[in-house]
Amino acid sequence: MQLIDRLATYSGAALCDSQSGRMVDYRELSDAAASVKSSIESEMKRLVFCLVDLSIGAVQAYLGALSANHCVCLIDAGLAESIRDSLVNAYQPDWIIAASRDNGFGDAYHRGHAVDGTEVWLWQRKKPASVAIHRDNQLLLPTSGSTGNPKMVRLSGQNIDANALSIAEYLDLQPDDRPISSLPLQYSYGLSVLNSHLMTGGCLILTNHSIIESEFWDTFRDSQCTSFAGVPFQYTSLLRTGFEKLELPTLRTMTQAGGKLADRVILKFHQWSLEKDFRFFVMFGQTEATARISYLDPDALPTKLGSVGHAIGQGRLSLEDSDGVECNRGEVVYRGPNVSQGYATNRSELVQGDCLEGVLRTGDIGYFDDDGFLFLTGREGRFAKVFGLRLSLADIESALDADVVAIASHESVIVVHDANLADASTARKSLSSRFRIHQSAFKMQCLDPIPLTANGKPNIAALKEMFGGT
């Protein structure tokens with residue numbers, strides 16, 4: 001893998017823990033990865049669970065497991081023990097690596113021990129699983145945040161390299177770039193920030209502070225960070241908390257992905273990018289594409305407001321109907337070297353190789369304008385049938401000038417909003433008028449804060465459980 005091979009070619013700082021002030025250069029990081037590799041080397045391809053957080057040890061564990069050419073599964077170190085154990089039972093990892101000492105993982109594993117020269121602890125399965133793992137399965141990433149869903153996306157080394165290189169190209173990443181860790185590593189977007197900057201010799205600044213805490217932005221300034229990556233809820237939070245008042249003289253780039261960001265918020269950050277001299281990228285991606293599918297060049301704003309731009313690197317975008325025929329408006333289909341191998345829900349399914357063959361049907365619906373810019377209009381399955389009418393939940397969410405989440409219920413749409421929605425009754429009337437349907441079709445529910453997954457996205461499953469969505 002190019003990602004691993006390049007570690008030894010750089011000499012500057014690779015990681016910095018903002019809490020302790022500890023700096024790790026590329027040589028030290030490469031040596032730590034090699035130490036982890038030597039601890040888990042095997043003639044057969046094995047499965048390694050990495051329990052990751054935003055720490056130096058977590059990065060050492062991840063890179064070391066990749067170096068050993070095993071299949072690496074990234075799991076949130078903060079998962080509830082019951083959820084974590086259910087994943088261990090489903091996948092039977094041969095090794096478990098974590099950045100901190102744990103009480104153990106039951107009788108199936110030897111007692112954990114520290115790996116010399118690292119900040120990593122290692123547990124080995126007493127009886128290795130007999131199920132073979134396909135040689136191309138290099139990385140498993142969860143499809144959900146903290147729900148414990150065992151469904152994982154299977155990625156190859158080529159997927160990881162292709163995605164990191166394409167991001168580095170269109171963002172024009174340089175060795176003096178210093179991103180801040182604003183997203184979890186087990187989330188494909190957060191991991192892509194790490195991978196793309198390691199690919200180009202940059203330095204990731206690690207912090208566990210939330211973006212709404214002043215300490216986060218103190219770290220950004222003190223560490224001379226150059227970029228910030230965020231999902232829609234993070235950007236709307238920044239809008240409320242007065243981002244425009246922050247003095248961030250080293251900021252060069254802000255990127256947004258992980259769902260549709262309201263046009264009003266995009267316009268605000270675009271305006272500030274011009275005033276404060278940084279670039280603001282709106283992007284579209286999925287874990288199944290190793291994070292990134294398309295991006296909108298900052299120069300296209302505000303003319304192409306609402307667009308997610310053009311395909312990355314060697315990728316190609318098309319629109320197809322249900323029969324696979326290209327059309328003017330339809331499902332977004334992406335083709336590229338970063339398309340994953342497929343899915344797995346347990347250890348036995350890791351025997352599979354490439355099931356997608358470079359073609360990803362995204363499930364998103366969209367159209368191209370006359371200049372070839374992609375616009376997304378909704379998502380398959382995100383519809384409600386109300387009074388015999390089919391309503392797009394995405395359209396309902398974008399119709400209100402507020403942060404809301406729409407979920408389908410029996411003969412109604414539940415609109416969950418936080419305390420920042422000025423008048424729920426007026427919003428309900430507005431939706432009724434906009435979609436030409438009786439007000440009783442919309443049920444307004446205030447929940448502050450709206451629950452999020454570990455990836456910073458609305459926790460749809462939790463909201464459905466609370467309010468009876470379907």
Side-chain angles (χ1 to χ4, degrees), residues 78 80 144-149 182-184 187 209-214 216 230-244 256 258-269 306 377-379 381-387 389-470:
S144 62
S146 55
T147 64
N149 188 332
S182 50
L183 297 163
Y187 175 31
H209 288 297
S210 164
I211 64 162
I212 62 173
E213 295 178 305
S214 60
F216 181 94
V231 296
F233 265 73
Q234 288 176 309
Y235 275 98
T236 52
S237 294
L238 291 180
L239 188 64
R240 292 189 198 125
T241 53
F243 173 82
E244 73 277 13
Q256 179 269 315
K260 181 175 175 53
L261 184 61
D263 288 350
R264 63 183 177 85
V265 183
I266 293 175
L267 285 175
K268 277 291 187 182
F269 279 90
T377 58
R379 182 160 179 81
R382 288 215 71 215
F383 293 90
K385 197 71 173 288
V386 183
F387 302 160
L389 298 176
R390 189 168 182 260
L391 300 179
S392 165
L393 299 178
D395 287 348
I396 292 169
E397 291 167 348
S398 62
L400 296 176
D401 188 23
D403 296 321
V404 301
V405 181
I407 55 177
S409 185
H410 180 64
E411 282 297 303
S412 67
V413 175
I414 300 171
V415 181
V416 184
H417 61 90
D418 61 19
N420 290 285
L421 183 67
D423 189 334
S425 177
T426 299
R428 193 175 180 219
K429 292 177 183 177
S430 174
L431 290 173
S432 174
S433 175
R434 170 77 176 269
F435 295 97
R436 299 185 179 183
I437 192 170
H438 194 269
Q439 291 183 38
S440 60
F442 304 101
K443 300 186 183 302
M444 310 299 291
Q445 294 282 356
C446 182
L447 186 63
D448 198 6
I450 293 175
L452 304 178
T453 66
N455 301 344
K457 298 180 181 181
N459 193 327
I460 302 296
L463 293 175
K464 286 181 177 180
E465 186 175 341
M466 289 179 193
F467 300 114
T470 58

If you count the non-hydrogen atoms of other residues, nucleotides and ligands that lie under 6.0 Å from CZ in R240, is the total more than 12?
yes
Would you say the side-chain atoms of S412 pair up with the backbone N or O of A441, donor to acceptor, closer than 3.5 Å?
no
Heavy-atom distance under 4.5 Å between the side chains of L183 and Q234, does that happen here?
yes
From CD1 (I266) to CG (L239), nearest 0.5 Å:
12.0 Å
What distance separates R428 CZ from L400 CG, expressed to the nearest 0.5 Å?
12.5 Å
With a 3.5 Å distance limit and no angle check, can you tell me whether T236 reaches the backbone of F233 through a side-chain donor-acceptor pair?
yes
Which heavy atom in F216 sits nearest to a heavy atom in S210, and how many Å separate them?
CB-O, 3.1 Å
Hey, could you give me the NZ/CD1 distance between K457 and I450, rounded to the nearest 0.5 Å?
16.0 Å
Do you know which two heavy atoms are closest between G230 and Y235, and how far apart they sit?
O-CE1, 3.5 Å
So do the side chains of V231 and L452 get within less than 4.5 Å of each other, counting heavy atoms only?
no
When rounded to the nearest 0.5 angstrom, what distance separates NZ in K443 from CZ in F467?
13.0 Å
With sequence neighbours left out, what residues match D263 under side chain to side chain donor-acceptor pair (under 3.5 Å)?
none
Quick check for you: to the nearest 0.5 Å, what is the distance between H209 atom NE2 and S182 atom OG?
14.0 Å
Heavy atoms, side chains only, cut-off 4.5 Å: are V386 and F442 in contact?
no
Are the side chains of K429 and S433 in touch, meaning some heavy atoms are under 4.5 Å apart?
no
Residue list, side chain to side chain donor-acceptor pair (under 3.5 Å) with E397, at least two apart or on another chain
R382
Heavy atoms, side chains only, cut-off 4.5 Å: are Q256 and P232 in contact?
yes
Least distance between heavy atoms, I407 atom then L463 atom
CD1-O, 3.8 Å
Between atom OG of S398 and atom CG of L393, what is the distance when rounded to the nearest 0.5 Å?
11.0 Å
When you compare the side chain of M444 with that of L421, does any pair of heavy atoms fall below 4.5 Å?
yes
Does atom CD1 of I212 have more than 12 heavy-atom neighbours, drawn from other residues, nucleotides or ligands, at distances under 6.0 Å?
no
Counting heavy atoms not belonging to E213, are there more than 12 under 6.0 Å from its CD?
yes
Is any side-chain heavy atom of D403 closer than 4.5 Å to one of N420?
no
Side chain to side chain, T453 and Y187, heavy atoms closer than 4.5 Å:
no
